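Below is one structure, written out as structure tokens, with a few remarks after it.
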Amino acid sequence: MGSLEEVWEQREQQIYPKWFGPESRGIFTLTPDLFRQLGQSEVDPCWLSIGIFEFAPTESRPTWIYVSSGISNPWETDPKEYSTEGYSEIGTELVLETPHQADWANSILQRLVAFDVLISWGLKGDVPTFDYGHRIPLNAPISPTEESALRNVIAWKPEHYEPSFVVPSGRVDFIHLAGMSDAELAYAKEHGSDRLAALMIEHGAFPVTDPARASIL
């Protein structure tokens, strides 16, 4: 049956290290100030335990991985009702992948995770939580310290690592995010996220986000 603590431990101490390697700097948890920036003054204490892990390159992966931990925690579910047949809470965790160690990636992912949490708690109106194919405007360059054409992100299913895992409280899917330009966003609006994702993969713009890359369109 398990417990919330066991679900947490399995995800952070078994699954993540096995798939992504040993973390580099621990977890960067969400802060009350971050939620206030998103218009939410009242903060549930459990939100502040959610955070981002940073994973350094490994022998088989030359890139850096930033992955959320805690969106899928079954806060409202009694352990007696845990089931591996459905999803654990909203059933997702978010991922960003970069060619270099990047504080901007951690900051962007924290902000998107916080927004996703507010959506999942019904605090942003009738808006769906992030899912494959979603396109999210950032309204600013993805890296604040350099000129970048990437001002948006696309959410897609990863194929270079296992896209989902199962814990006692249910299944969890990884939503892999990648930066995209305004021109790429316009293309996706006209032709669909699947067409854009295929182009990005073809041009090496997915799954790794490099703020220095030029727009492919």
Side-chain angles (χ1 to χ4, degrees), residues 1-28 49-75 77 82-102 105-106 108-110 112-113 116-117 120 128-136 153-180 193-194 196-202 204-210:
M1 179 172 62
S3 66
L4 174 60
E5 290 74 18
E6 290 171 341
V7 168
W8 210 321
E9 180 179 343
Q10 185 175 345
R11 181 182 64 245
E12 294 188 356
Q13 298 184 23
Q14 299 178 34
I15 295 171
Y16 282 13
K18 179 181 179 180
W19 290 3
F20 303 124
E23 74 268 15
S24 298
R25 294 186 288 174
I27 190 168
F28 298 87
S49 64
I50 299 170
I52 311 300
F53 278 105
E54 176 192 73
F55 293 94
T58 65
E59 291 183 358
S60 60
R61 189 194 72 241
T63 56
W64 292 75
I65 290 278
Y66 295 82
V67 56
S68 69
S69 181
I71 311 176
S72 60
N73 279 349
W75 301 110
T77 306
Y82 283 179
S83 170
T84 57
E85 297 301 314
Y87 279 93
S88 179
E89 195 69 7
I90 68 170
T92 59
E93 296 289 352
L94 307 183
V95 185
L96 256 175
E97 187 171 358
T98 63
H100 310 291
Q101 188 175 31
N106 181 52
I108 289 288
L109 204 53
Q110 280 188 317
L112 293 175
V113 165
D116 208 28
V117 167
S120 70
T129 54
F130 297 150
D131 201 353
Y132 301 135
H134 284 189
R135 305 178 293 265
I136 308 155
V153 295
I154 185 172
W156 205 246
K157 184 177 181 179
E159 296 184 352
H160 57 306
Y161 56 84
E162 293 291 334
S164 62
F165 60 90
V166 177
V167 287
S169 54
R171 172 177 160 179
V172 181
D173 292 337
F174 285 120
I175 306 294
H176 197 100
L177 305 172
M180 63 177 172
S193 292
D194 55 340
L196 176 63
L199 274 178
M200 291 178 69
I201 292 170
E202 178 184 345
F206 185 94
V208 180
T209 295
D210 183 352

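Keep in mind that what you see is a predicted model, and the values were worked out from it rather than measured.
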Just verifying a value: how many Å separate [X] [atom1] and [Y] [atom2], rounded to the nearest 0.5 Å?
| X | Y | atom1 | atom2 | result |
| --- | --- | --- | --- | --- |
| Thr63 | His100 | OG1 | NE2 | 11.0 Å |
| Thr92 | Tyr87 | OG1 | OH | 9.5 Å |
| Glu93 | Asn73 | CD | CG | 7.5 Å |
| His134 | Ile154 | NE2 | CD1 | 11.0 Å |
| Ser88 | Arg11 | OG | CZ | 7.5 Å |
| Gln110 | Leu96 | CD | CG | 11.5 Å |

(request) For the pair Val113 and Ile52, evaluate side-chain contact (heavy atoms from CB on, under 4.5 Å) and give the outcome as yes or no after the intermediate values. (result) CA-CA 9 Å; Val113 165; Ile52 311 300; 3.9 Å; yes
Between [X] (side chain) and [Y] (backbone), is there a donor-acceptor pair under 3.5 Å?
| X | Y | result |
| --- | --- | --- |
| Ser164 | Asp173 | no |
| Glu6 | Ser3 | yes |
| Asp116 | Phe130 | yes |
| Arg61 | Ala56 | yes |

Are [X] and [Y] packed together at the side-chain level, in the sense that at least one heavy-atom pair is separated by less than 4.5 angstrom?
| X | Y | result |
| --- | --- | --- |
| Tyr161 | Val95 | yes |
| Pro17 | Pro22 | no |
| Glu5 | Gln10 | no |

(message) Applying the side chain to side chain contact (heavy atoms under 4.5 Å, CB included) criterion to Leu177, which one of Ile108, Thr209, Leu112 satisfies it?
(response) Leu112
(request) Apply the side chain to side chain contact (heavy atoms under 4.5 Å, CB included) test between His176 and each candidate in Trp156, Tyr132, Phe206; give the one that qualifies. (result) Phe206
(request) Starting from the C-alpha separation in whole Å, work towards a yes-or-no answer on side-chain hydrogen bond (donor to acceptor under 3.5 Å, both in side chains) for Glu9 and Gln14. (result) CA-CA 7 Å; Glu9 180 179 343; Gln14 299 178 34; 5.0 Å; no
Return the minimal non-hydrogen interatomic distance between [X] and [Y], and the atom names on each side.
| X | Y | answer |
| --- | --- | --- |
| Pro168 | Tyr82 | O-CB, 3.4 Å |
| Ser120 | Ile90 | CB-CG2, 3.5 Å |
| Trp75 | Ser49 | CH2-OG, 3.3 Å |
| Val167 | Thr84 | O-CG2, 3.6 Å |
| Leu4 | Pro74 | CD1-CD, 3.5 Å |
| Ile71 | Glu89 | O-CG, 3.7 Å |

(request) Before giving the answer on side-chain contact (heavy atoms from CB on, under 4.5 Å), spell out for Glu54 and Glu23 the whole-Å C-alpha distance, their side-chain angles and the decisive distance to 0.1 Å. (result) CA-CA 6 Å; Glu54 176 192 73; Glu23 74 268 15; over 6 Å; no
(message) Pair Arg171, Glu85 - check side-chain contact (heavy atoms from CB on, under 4.5 Å), show working.
(response) CA-CA 7 Å; Arg171 172 177 160 179; Glu85 297 301 314; over 6 Å; no
(message) Working note: Phe28 + Leu109, criterion side-chain contact (heavy atoms from CB on, under 4.5 Å); need CA distance, chi angles, decisive distance, verdict.
(response) CA-CA 10 Å; Phe28 298 87; Leu109 204 53; over 6 Å; no
(request) Pick out which of Trp64, Phe55, Phe165, Tyr66 makes a ring-ring contact (aromatic ring centres under 6.0 Å, His included) with Phe20. (result)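 So, applying the ring-ring contact (aromatic ring centres under 6.0 Å, His included) to Phe20 and each of Trp64, Phe55, Phe165, Tyr66, only Phe55 qualifies.
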(request) Taking atom CD of Glu159 as the centre, report whether more than 12 heavy atoms of other residues, nucleotides or ligands fall under 6.0 Å from it. (result)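 Counting other residues, nucleotides and ligands, CD of Glu159 stays at 12 neighbours or fewer.
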